[in-house]
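This report concerns only the one structure given below.
Chain letters run A, B, ... following the sequence lines, proteins first and then strands; every chain starts at 1. Predicted model only: the values in this text are computed from it and were never measured.
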Number of protein chains: 2
Amino acid sequence: MESRNQTFENLPGDKRERVLAEATREFAEHGYHQASVNRMVQRLGIAKGSLFKYFGSKQGIFEYLFGQTVAEFKKPLKAIRDDASGDLFERIERTLLAGADFVATHPLVYSIYLKMVYQEGFPMRDTFLSEIRRASDKFLRTLVANAAESGQLRPDIDPDMAVLHLDAVMDRFLQSCAVAALNPGVATIPDRATIRARARGVADFLRHGLGGPLHQQSKEIQCKS
Amino acid sequence: MESRNQTFENLPGDKRERVLAEATREFAEHGYHQASVNRMVQRLGIAKGSLFKYFGSKQGIFEYLFGQTVAEFKKPLKAIRDDASGDLFERIERTLLAGADFVATHPLVYSIYLKMVYQEGFPMRDTFLSEIRRASDKFLRTLVANAAESGQLRPDIDPDMAVLHLDAVMDRFLQSCAVAALNPGVATIPDRATIRARARGVADFLRHGLGGPLHQQSKEIQCKS
DNA sequence: GGTAGTGGTGACCAGGTGGTCACTTTGTGT
DNA sequence: ACACAAAGTGACCACCTGGTCACCACTACC
């Protein structure tokens with residue numbers, strides 16, 4: 001067995017946490033390349049050599065964080081998946097709120113995630129992203145399949161496309177909870193009440209669309225028959 | 001008058017273009033901080049001093065590009081806004097296709113835009129983003145207002161929220177045309193035919209939502225009355 | 001006291017960064 | 001042929017980066 005990282009594991013718990021918290025902050029604020037090991041050790045008040053003894057390299061630091069984080073990232077989804085109460089759109093709404101909670105309590109982790117998506121050159125980027133995507137895709141696909149069976153979904157819509165749209169809208173909702181610039185007009189992070197209202201609005205929109213009476217004609221015909 | 005940039009403006013047109021193209025490529029590939037002036041001049045086969053004589057600083061290079069690009073970024077939107085044929089959702093579909101065209105013909109420019117949104121530390125970031133957002137917001141708001149007047153929009157939906165949803169779905173559609181990782185399963189850039197089909201699907205989804213027969217009950221009641 | 005193993009240290013390194021500037025080359029008008 | 005200006009050059013600078021390693025301080029066992 002290689003004794004990698006043994007030094008770091010032996011450290012007292014509070015010091016470990018301080019180091020990881022500081023590293024998380026640094027990567028969240030600056031992305032990968034622009035993150036500075038010098039800054040980390042300076043803020044931690046420890047010597048640079050120590051950090052490199054713990055993790056071997058800058059990439060080592062990031063990958064350690066990364067491993068710790070991925071599991072936590074998936075937890076909220078599992079809880080929702082196992083709670084089958086309500087129809088598709090109610091479950092979606094619960095998922096949105098769970099996601100918003102996660103972003104609110106782990107803003108730095110979510111910030112790293114966003115930077116990884118749009119910034120190339122992160123170590124492990126492809127591995128990580130495909131893993132996350134696959135999990136999310138599987139989750140939505142299950143939801144959609146169940147909904148389609150019980151007629152909660154328009155029969156003329158391709159389930160794959162439905163998953164695509166759900167993913168798009170939900171992901172964007174999450175981003176708007178974290179990125180100020182994505183909130184039109186105000187350009188600030190919304191508060192909890194706004195988020196709850198918006199989640200409901202999103203679910204309602206997903207259910208019924210935006211089309212007005214002029215576009216309900218086809219459905220009126222259905223009524224007459 | 002300050003004679004800033006005069007040297008660059010005096011250059012023969014093809015050389016100007018080569019320089020700008022190379023700079024665009026560099027920023028698109030590496031973002032702002034990670035972009036290297038050394039690499040630019042090496043690939044261009046000119047001396048570093050020349051670039052700094054043209055633009056003064058790295059930030060100067062970026063801001064020059066930036067100014068050239070913003071106008072081009074808005075062009076497609078204007079064409080759509082002035083063509084009022086069709087209802088809201090048909091216009092949305094045209095907008096989507098125009099956007100996809102822009103992304104396909106200016107992938108580097110769009111790549112820079114995406115990096116700016118999710119990567120802090122770009123010069124002019126706030127100025128630039130708020131300008132773009134404002135333009136996009138104004139455009140959608142006009143479309144929605146017109147649609148609401150002629151009953152193309154569900155009367156019980158807040159126009160502001162409608163704009164929010166439209167912006168989210170459309171922006172995400174555009175991103176999926178450029179970022180491979182956002183295309184579930186395949187994780188590749190879609191071809192033109194796929195894009196056209198997907199744009200239609202998006203418009204249809206925006207119009208009617210995803211909800212199936214079980215959720216059309218309220219509308220059947222409308223029919224009876 | 002001796003010694004082995006631990007975590008901790010910071011001066012130092014090679015390499016890359018944006019930026020400078022004294023200098024050379026080129027073009028043009030007379 | 002000469003002068004003058006504009007364009008072009010690349011060695012050089014200070015600074016920062018990730019990474020190294022010989023050395024130090026402390027504890028524990030004999």
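With salt bridges taken as basic N to acidic carboxylate O contacts below 4.0 Å, none links Asp83(A) and Arg91(A). Salt-bridge check for Arg18(A) with Glu22(A): failed, with every basic side-chain N at 4.0 Å or more from each acidic carboxylate O. Ion pairing of Asp101(A) with Arg192(A) is present here, as a side-chain N (NZ or NE/NH1/NH2) and a carboxylate O approach within less than 4.0 Å. For the pair Arg141(B) and Asp137(B), the salt-bridge criterion is met [side-chain N within less than 4.0 Å of a carboxylate O]. Ionic pairing of Arg25(A) and Glu29(A) is present here: one or more N-O contacts between side-chain nitrogen and carboxylate oxygen are shorter than 4.0 angstrom.
Dashed line: the shortest gap from a side-chain N or O of Ser57(B) to OP1 or OP2 of dG18(C) is not under 4.0 Å. Contact annotation: Ser50(A) reaches the phosphate of dT9(C) (side-chain N/O to OP1 or OP2, under 4.0 Å). Contact annotation: Asn38(B) does not reach the phosphate of dG16(C) (side-chain N/O to OP1 or OP2, under 4.0 Å).
At whole-Å resolution of the value, CZ in Phe52(B) and P in dA7(D) are 18 Å apart. The separation between Lys48(B) atom NZ and dT17(C) atom P is 8 Å, rounded to whole Å. Computed from coordinates, the Tyr54(B) OH to dT9(D) P distance equals 7 Å when rounded to whole Å. Distance CD (Gln59(A)) to P (dT17(D)): 19 Å, rounded to an integer number of Å. Summarising the geometry, the separation between CE on Met40(A) and P on dG18(D) is reported as 8 Å, rounded to the nearest angstrom. Atom CG in Asn10(B) sits about 15 Å away from atom P in dA5(D), given to the nearest Å. Computed from coordinates, the Leu51(A) CG to dT17(D) P distance equals 14 Å when rounded to whole Å. For Phe55(B) and dG18(C), the CZ to P distance is 15 Å, given to the nearest whole Å.
When each of dG18(D), dG8(C), dT9(D) is scored by its nearest atom to the side-chain atoms of Leu11(A), the top-ranked nucleotide is dG8(C). Out of dG8(D), dG7(C), dT17(C), the shortest distance to the side chain of Ser36(B) is found at dT17(C).
Within residues 21-34 of chain B, no residue places a heavy atom under 4.0 Å from DNA chain C.
For the pair Arg94(A) (side chain) and Ile80(A) (backbone), a donor-acceptor distance under 3.5 Å is absent. A donor-acceptor pair under 3.5 Å is formed between the side chain of Glu26(A) and the backbone N or O of Ser36(A).
In the interface, the side chain of Lys58(A) is not paired with the base of dG19(D) through any donor and acceptor atom under 3.5 Å apart.
A cation-pi arrangement is not found for Lys115(A) relative to Tyr110(A), the charged atom failing to lie both closer than 6.0 Å to the ring centre and inside a 45° cone about the ring normal.
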Could you list all N or O pairs between the protein and nucleotides 23-26 of chain D that sit under 3.5 Å apart?
none

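When only modelled atom types and interatomic distance are considered, Asp191(A) and Thr194(A) share a side-chain donor-acceptor pair under 3.5 Å.
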